[in-house]
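Quick note on labels: first sequence line is chain A, next is B, and so on, each numbered from 1.
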Amino acid sequence: MATSSVSKGCFVFKPNFKKRKISVPVEDYFNKGKNESEDSKLRYETYHLIWQQMKSETEQLQEELNKNLFDSLTEFLQKSYSGFQKNSRDWGCQIKLREIPTAALILGVNVTDHDLTFRSLTEALQNNVTPYVVSLQAKDCPDIKHFLQKLASQLMDCCVDEESKEGSIQVAQKKTHCSMDSLSSWYMNVTQKTDSKMPRKKRTSTSQWQSPPVVLILKDMESFTTKVLQDFIIISSQHLHEFPLILIFGIATSPIIIHRLLPHAVSSLLCIELFQSLSCKEHLTTVLDKLLLTTQFPFKLSEKVLQILTNIFLYHDFSIQNFIKGLQLSLLEHFYSQPLSVLCCNLPEAKRRINFLSDNQCENIRRLPSFRRYVEKQASEKQVALLTNERFLKIRELYCTCLEKNIRDSEEYVSALQLLRMLAKDDLMTILQKCFQVFKSSSEKQLGSTAKRIEEFLAQFQSLDEAKEEEDTSGSQSKGLQKTDLYHLQKSLLEMKELRRTSKKQTRFEVLREKVVNFIDSLVREYLLPPETQPLHEVVYFSAAHTLREHLNAAPRIALHTALNNPYYYLKNEALKSEEGCIPNVAPDICIAYKLHLECSRLINLVDWSEAFATVVTAAEKMDANSITSEERNEIIHARFIRAVSELELLGFIKPTKQKTDHVARLTWGGC
Amino acid sequence: MMSKLELKEDKMLEVQFVGDDDVLNHILDREGGAKLKKERAQLLVNTKKIIKKPEYDLEEDDQEVLKDQNYVDVLGRDIQESLKNGSAADGGNKVYSFQNRKHSEKMAKLGHSASDKVQLKNSDKSEFLSTAPSGLRKRLIVPRSHSDSESEYSASNSEDDDGVAQEYEEDTNEVILSQKIPSQNRAISAPICKETPSKKMKRDKTSDLVEEYFEAHSSSKVLTSDRTLQKLKRAKLDQQTLRNLLSKVSPSFSAELKQLNQQYEQLFYKWMLQLRLGFNIVLYGLGSKRDLLERFRTTVLQDSIHVVINGFFPGISVKSILNSITEEALDHAGTFRSVLDQLDWIVNRLKEDSSLELFLLIHNLDSQMLRGDKSQQIIGQLSSLHNIYLIASIDHLNAPLMWDHAKQSLYNWLWYETTTYSPYTEETSYENSLLVKQSGSLPLSSLTHVLRSLTPNARGIFRLLIKYQLDNQDNPSYLGFSFQDFYQQCREAFLVNSDLTLRAQLTEFRDHKLLRTKKGTDGVEYLLIPVDNGTLSDFLEKEEEES
C-alpha cells in the first residue's frame, strides 16, 4: 500500500488480526540490532530493574520534598474553610468572608515540572480537604464563558466519581449554559444530596464537612488574560457565600505578577497567602544525592555526562523531569551499548554473574582499554596470568567495583581540603563524626581500619577539650584587643600575625588538626581516585557523553549547515574534499544553490541565480556528457535548479516574494 | 594556544605590505562566529579606542575565544568523541559565520572558465561588462550592502602582479557583479583599496552578522537586476516535465549515500526499543527522510497498527489525523463536537485498553499545516500517551522553535540526525513552488476544457472579455470591463440579445471561477478574469490556431 496520494494525507495500516495478537516484547528489540545477544536479555532485565528502582526513588523523593509545601497548603485551606463554616456574626469575620481565600504558589521557572506537582497536589487535596478540586489552564479559557464551562464540567466530573449513575446526563445538559448561578445551585444540590447520604455511610469515618469548599487551581496564572481573571474573581466573590471557592494560583515568575494582572479593586477581593516551593536547584541536589552519590545504584555517570546533564539543566530548562529523562537515556545507552554492563548490578549479584561469564565476555573485558592499561602496569608474569586465567580476572573485577563507590569529584576536593584546614574545632569534630558514620555504614574491609583511626582521633579531641578550652581563652585574653583606636587595633592584629608565623608554636589543637587533615588527605588520595584510572571502570560508568548530547540537546541548524557547506563530512568521496569554506562543483545541487544564494542580499533574482547555477554545474559536467544535445542538457540543468530552489524553500532559507518579479527573499542573513 | 595566536597577530601587524589576499586568508581562517560576536559588541561601543590599540584588543579577543571554548568544552562538544555527527563536530562557533567570499570567487571562476559561451549568450550584461576597461570597474559602485565584499575584490585585484590572473579575476568579478547588481544602480565612489592592511582587517571584521543583518534590512530598496524569467525561454516547467527531466539525471555519490542510509537502518531496532520505553523520536538533517521512514515502517512495523501521516500534504490537518485514528485505527463510528473532544476520547480509549498500541509516523511534522501552536499541542498530547509511539521528521531550519518547554516535555523527544541528501521529491511536489508554474499550466488546460463545453456564443463572449482585458493590461487603473459596456459590445457582435442571457452566461463562467465581478465606487459592476495575462494570451493564440 502506497503512502503517497493526491487526495489524502493519512494512511492507516492494520495488520491481520492473527498477527496482531502477538505483541513483540520490548527486550527483543534490545538485542535485535546487535550481533552478540548472549546476555542481552539479562542486560535488559537489569536495566529495567534499576530504572524502576530509580524511578520509584525519584517519585518518593518528589513526594517528600513536596510534603512540607502540601502540608502548609492544606492547613491554609482548612483554616480558611473553617471561616466559611463558622458563619459568625462578627463584623471582621464578615469582611473576611467577602474575600476569596487564595494561595499563591510560587513554583519557579521550570514549567515542565509543574504538572507533576499539580497532579500530586490535587491528589493530596482530594484526600485531605475536599473532593471538589478543579485545575484549569490558560489555554482552555480564552474567555469567561469557556472558563465557566470548563470549571463546571470538571466539577461535575469530580462529582461523577462519587455518584457514577446520573453524572453523564447532567454533564451533557449543563455544558450548554453555564453561569455562576447555575454552578452555585448545582453545588447546593450536590452538597445536600451528599449530606443526606452521608450520615449512613461515612460521616464517622472521615472528617468530611457539611459543605466542602471548591478548590480551583489556575495552573499557569501568568498566561491567563487579565479580563477573564478579573471578571471571574468579581463574579465569584459575589457568590462566595453560597459557593465556597478557594483559589490556588500557580506562579512561575514572582508574586508581583498578581498585582500586575489584577487592579487593586480586584485584588482586594482576594485574601492572598504566599507559598514557596523548593527551588529546583535544591531539588536537583537531592536527586543527585539520592540517585548518583549512593551505593544503592551501581550505575554511575562519568564526569562529562554528568556535566552535560547539569548544563542542560542549568542553561536550558531547570527541569528535573528532563534531567531524569537524560538519566534514563544514559542508563539505557549504557546497557544497550556496553556488553559488560551485565555486571552493573549490586555486589552479590555481580559476584554470581561473574561466575557465569562466558569466554566471549572475558574477551570483552580484555579488550577494555582500562583493563589493558592496568595489565601493562603489572609485572610481565602477572600479565600472562591475567590474560589467561579467568579466575584471576574475576577477583580484580570485584575489587574495582568496591573502589568505585567512593568517588567524588577531585577538583572540589582540593577546595574542600583547604576549607578543612581553616575549620574550627567544633565543626571539625562534627565532620569527623559524620565521616565515621559513613565509613562505618559502608563497612568495607579496607575501610575498617580507617574507621578505627578516626575513632581514635575523636577520642583525642574529646580528651583535649577541657585543657584546650582554657588555653584558648587565656590566649585570647592575653592578646585581648585594646579597644582604644583603629590604628592600635591594626597594629596589634599585624603583630599577632607576625607572632603566629614566627613562633611556630602551635597549640595542641592545631597540631592535631594538621594531623587529621593530613590523614584525610592521604585517605582520599588512596581511595578516591578518579574513576577513569580504575581498571574496568567501563562496567559501571557511562561515559558516552556525545550520544547523550546528540539525542537530548541536538542542533538541527548546525547539522543542516554542515550538510550544505561541507558535504564531504557526510559523503566521504574524495571528489568532495575541499578546503575550508569552498565546495567543489560536483557537490549535490542543493549545496551549490545554497552557496550561491549566500552571496546575495535580501532579495535574489531567480534568473541570475539560475544562470550562476548553470555555470557551475555545466563546468562540472563538461567532460562526460557529450551524448546529449546542449539544449537538452540545459533543460535538465534548469530542472535541477528548480528542484534545488524548491528544496531550499522547504528548508526555510528562502521564500517567494512579491516585492519584485521573479525574486525570492532570503530568510537568513550573513555572508556578503 | 593564546600565545600562539598572539604571535601571529604581532607578525601581521608588523609586516605592512602583505598581499591583501593573504590578509584575507588569515582573517578568514581564524574567524569564528562566537568571537566575532563579542568583538562586534565592543566595536559598537567604542570603535576608536580599539582601532588605536589593536594589540590589546586582539589579546582580549583571544581570551574571549578561550572563554567560549571553555563553555563549548563544558557542554561536552568533543570533536574526537563524535566523528559521526555533523552537528557535534562542527562546533558552535562556525555556524553563523557564513564567510565565503573567497569561495564564491572561486566558484565563479570555475564557472566562468568552463563556460564563457553560456555567459555570453545568456547575459548581455556580463558581455557588456567584460568589454569595459578595468579602470572603469573600479569606479563602479556597489550598493551599500555589498560594499565590503566588493571592496575586497577591487583591493585584491589592484595589488595582483600577475597580469593574466588579474584579467581572469576581473572577469569573474564581472560575472558576480552581473549576478547581483543592475548597472543603472551603480554610482561612483572612492576606491577603497588604499587602506592599510590592519585597518582593512578591522573593517572586514566589522562587516559581520549583526551589522549585516541591519544593513540588509534597513533600506527598503534592494538592488538586484531586473531580469525576469519571462525572457528566458525555459522558465516555466510543469510538474510532469520536471519529473521527466530529473529522471534523466544520474544520481551522484550513490555509494556514499547508500552507506549513509545503511548506517541509519542499523538504528531501526534501537528506535523501536526507545519508542517502546516511552521516548519519541524526531529525525532531522538535510535530505528527505521519507524513504528512510518508509523502510523503517516496512521492516519493523508490519505487525502493529500504524498511521502514516504526510505532513507535507497540503490538505492535512489535525482534524484529519484524529479522524483517521478514531475512524480507521480504532474503529469508532461516531462523530465529535470538537477536536478536543476527539482527543479526550482517544486518550480515554487508549488509557482503558493498555494492550492497544499505535505507532504514528509523521513526515514533516513542521509543515505549513501542522506547525501551528494548537496542532502541535494536540499532537504532543497524543504522543505523551504511553501507548502511542511517535516517530517524526522535521526539515525546516527553524522547526525546533515550534516547541516550548511544555511541548517538548510532552513530546519527550530523542533527536537523531539522519542526513540523507535525498531529494525532497514528494515533499515539494505539492507545494506551489517558485518556478514550477502550476498556476500557468493548470488554468490554461481548465480554460480550454471549460470553454470547449460551451456554446460558440459563450466562447465568443469570453473571448471578447479576454481581448478587452489584454488591451488594458498596461493600464494600472484598470478595474475591469463595466457590465453595461460589455453588454453593448456583445450585442454589437450578435452574441446576446438581452442582458439576462448575458448574465446567465456570466454565471456559468463564475461557477468555473473564470470570472470575478467587482462593484466599483460608482456602483457599476466590473468584470474581471482572475487569470494572469500570459495565460490568457497563450489561450488566445491556441484558439486562433485551432480555428
Using a cut-off of under 4.5 Å for heavy-atom pairs, which of B:D366, B:L397, B:V307 has the most such pairs with chain A?
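Maximum pair count with chain A is reached by B:L397.
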
Quick check against the 3.5 Å criterion: does [X] have a side-chain atom that pairs as donor or acceptor with the backbone of [Y]?
| X | Y | result |
| --- | --- | --- |
| B:Y421 | A:A563 | yes |
| A:K325 | B:F279 | no |
| B:H405 | A:H316 | yes |

Please look at [X] and chain A and tell me whether the side chain, the backbone, both or neither of the residue comes under 4.5 angstrom of a heavy atom of that chain.
| X | result |
| --- | --- |
| B:L286 | both |
| B:L410 | neither |
| B:L361 | neither |

Using side-chain heavy atoms (C-beta onward) and a distance below 4.5 Å, is [X] in contact with [Y]?
| X | Y | answer |
| --- | --- | --- |
| A:Q328 | B:Q274 | no |
| A:P556 | B:P400 | yes |
| B:T419 | A:Y569 | no |

What's the shortest heavy-atom distance between B:W415 and A:H551, and which atoms?
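The answer is O-ND1, 2.6 Å.
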
Indicate the atoms forming the closest heavy-atom contact of B:E328 with A:K14, along with that distance.
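Of all heavy-atom pairs spanning B:E328 and A:K14, the closest is O-NZ, 3.1 Å.
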
Output all residues satisfying side chain to side chain donor-acceptor pair (under 3.5 Å) with B:Q408, sequence neighbours left out; order by chain, then residue number.
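Result, side chain to side chain donor-acceptor pair (under 3.5 Å) vs B:Q408: none returned.
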
How long is the span from the CG atom in B:L246 to the CD1 atom in A:I636, to the nearest 0.5 Å?
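CD1 of A:I636 is found 8.5 Å from CG of B:L246.
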
Proximity breakdown for A:Y47 and chain B, heavy-atom pairs closer than 4.5 Å:
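Side chain only.
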
Residues in ring-ring contact (aromatic ring centres under 6.0 Å, His included) contact with B:H306, at least two apart in sequence or another chain
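Applying ring-ring contact (aromatic ring centres under 6.0 Å, His included) to B:H306 gives A:F13.
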
